[in-house]
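Presented below is the structure to which this report refers.
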Amino acid sequence: MQYLITPLLEVLNPTNTVSRNRLLSFAIGNAEAEIYNCLIAKHVYYNNLGKLTEGGWFYSTVKDLHLSSGYAENAQKTAVRHLIKHGLIESELKGLPAKRYFRIIPDADKLASLLRSGEEAQEAIALKYDEELEKRKKRRYNRKHRLIEVTAFDSVQSVPDDERSKAVTNLNSVSGVDDTDSVRFIGNSGSFSTENACSTDYGGTRSGEVRGKTKDNKNQSNFFSNLSFSLHAHEEKFATVREMNDGMKTESKLSFLEILSAMGLGLDNWHYIYTRDPTSEMNLIYIDEEERRTKALHIPESFRSDSSYVLTALQYLSAYSNYAFDDDMKSMPNKNFIDITLKMLTEFIMADSFRFNGQSVRYTEVLDTLNSLIRENLLYDFILSFQYEWEKILREKMDSSIRNKAAYMKVCLWDWLKRWKIEEYNQLARLD
């Protein structure tokens, strides 16, 4: 089937279409190239009528050139100044009343030189796009496959495949990672804390010694035992529907785009990354955090009216589809861990409060902590660091029995959320 655009060409009408030389645009700019082309056309027009003055001068007022090129006075002044600087034209005020006259400088060598520089600029831009595409592909591959590359450290080494970490990754359906999964570090494996992310004082073990040190072991080990922190509570209603305070709808469900808009994403500029309006996270499988502009967004408190809003927001902020699935839409090895971490973060936000280390933590503190992380870092990087930390905790507790892995993992998640930036700073300080 042929798709003809002849009707479009007829509507456009070549006589009303402004053109420019593409290479000249790369050399001196779009406005300059278009106005230069308009002046060339006017020179030809006046020459054919025999109205060029001595030396090849012709006049073109601001109004005349605006109607011919589409550029208003300020843009004209800038472009004309640049064209004069490049040695392509001359301009003077002549006559009474004074009119703006132009003369095209017939220097073919100068023009050819500019076209060559434009071609070089075009090739450089094309190369930059190719290099950036390769970098993004490599970065995306490394992050999908949990390959961490720390290029700023002199001690960086690549660990061979046959020496991959023997991390204990069987989390008994809590982490969702089976025994066949392994971790490969590109860089110094000591770049993460050598201490447990959460102390045994927080409970969750059967150790008599630990019980002896904990004044209220029963309460400490059941911080997250209420219904709102159930591992599958995301499938239930976490709270009664609250009145939305961000001008959002209250009677019907928010659409995917409405959720993004409430987070602060400017939908007017959405098409800078996507040609069609997305209807779900899976439409964004090739879009990373930078393109999603996640650092300019936040999780509004009003999302607590429905847990699905919170989960959708967290998935968008962590570029969930980008990292949980490969290009063939197949699940990545750490997808289950990402799922569980995002669901636990959702439960933190949906619960009015919970107790941690003897202190009450309100949902407002959770939101503030997460929004602060989002503004300064990438949520997926945090999830990835927590996965390393959780696997390390399990390795160090091989001889102890964790009574409730789901509850203990939540304790460790909140602890790591509070300590992550501090640990990162300490590691950098030690490297310095």
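Only heavy atoms go into these numbers, but all of them, side chains included; no hydrogens, no water, no symmetry mates. Keep in mind that this is a model prediction, so the values were computed, not measured.
The side chain to side chain contact (heavy atoms under 4.5 Å, CB included) test with Phe26 singles out one residue from Glu119, Gln122, Glu123, and that residue is Gln122.
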Kindly list each side-chain donor-acceptor pair under 3.5 angstrom involving residues 358-373, sequence neighbours excluded, with atom names and distances?
| from | atom 1 | to | atom 2 | distance (Å) |
| --- | --- | --- | --- | --- |
| Tyr363 | OH | Glu301 | OE2 | 2.5 |
| Glu365 | OE2 | Lys418 | NZ | 3.0 |
| Thr369 | OG1 | Glu365 | O | 2.7 |
| Asn371 | OD1 | Ile299 | N | 2.8 |
| Asn371 | ND2 | Ile299 | O | 3.3 |
| Asn371 | ND2 | Leu367 | O | 3.2 |

Working note: Ser255 + Glu258, criterion side chain to side chain donor-acceptor pair (under 3.5 Å); need CA distance, chi angles, decisive distance, verdict.
CA-CA 5 Å; Ser255 68; Glu258 287 172 327; 3.3 Å; yes

Verify side chain to side chain contact (heavy atoms under 4.5 Å, CB included) between Tyr316 and Met263, making sure each step is shown before the conclusion.
CA-CA 10 Å; Tyr316 182 84; Met263 293 167 60; 4.1 Å; yes

Apply the test side chain to side chain contact (heavy atoms under 4.5 Å, CB included) to residues Asn37 and Leu24: give CA-CA distance (whole Å), side-chain angles for both, the deciding distance (0.1 Å), then the verdict.
CA-CA 10 Å; Asn37 191 81; Leu24 192 60; over 6 Å; no

Intermediate values then yes/no, side chain to side chain donor-acceptor pair (under 3.5 Å), Trp416 and Ser385
CA-CA 9 Å; Trp416 189 242; Ser385 73; 3.0 Å; yes

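Residues Glu134 and Tyr129 have side chains not in contact (no heavy-atom distance under 4.5 Å, counting atoms from C-beta outward).
Side-chain atoms of Ser117 and Glu120 include no donor-acceptor pair closer than 3.5 Å. Remark: the Tyr320 side chain and the Asp339 side chain contain an N/O donor-acceptor pair separated by less than 3.5 Å. In the model, Arg100 has a side-chain atom that pairs as donor or acceptor with a side-chain atom of Gln76 under 3.5 Å. Counting only N and O atoms by type, the side chains of Glu289 and Tyr323 include a donor and acceptor under 3.5 Å apart. Side chains of Glu281 and Ser321: a donor on one and an acceptor on the other come within 3.5 Å. With hydrogens and angles left out, the side-chain atoms of Asn74 and Thr78 include no donor and acceptor closer than 3.5 Å.
Using bins of under 30°, 30° to 60° and over 60° for the plane-to-plane angle, the ring pair Phe382/Trp420 lands in the perpendicular bin.
Listed by chain and residue number, Lys42 satisfy the side chain to side chain donor-acceptor pair (under 3.5 Å) test with Ser68 (two or more places apart in sequence, or in another chain). Residues passing the side chain to side chain contact (heavy atoms under 4.5 Å, CB included) test with Lys128, sequence neighbours excluded: none.
Annotation: cation-pi geometry not satisfied between Arg20 and Tyr36 (NZ/CZ under 6.0 angstrom from ring centroid, within 45° of ring axis).
Considering all non-hydrogen atoms of both residues, Ile28 and Ala33 come closest at CD1-N, 4.1 Å.
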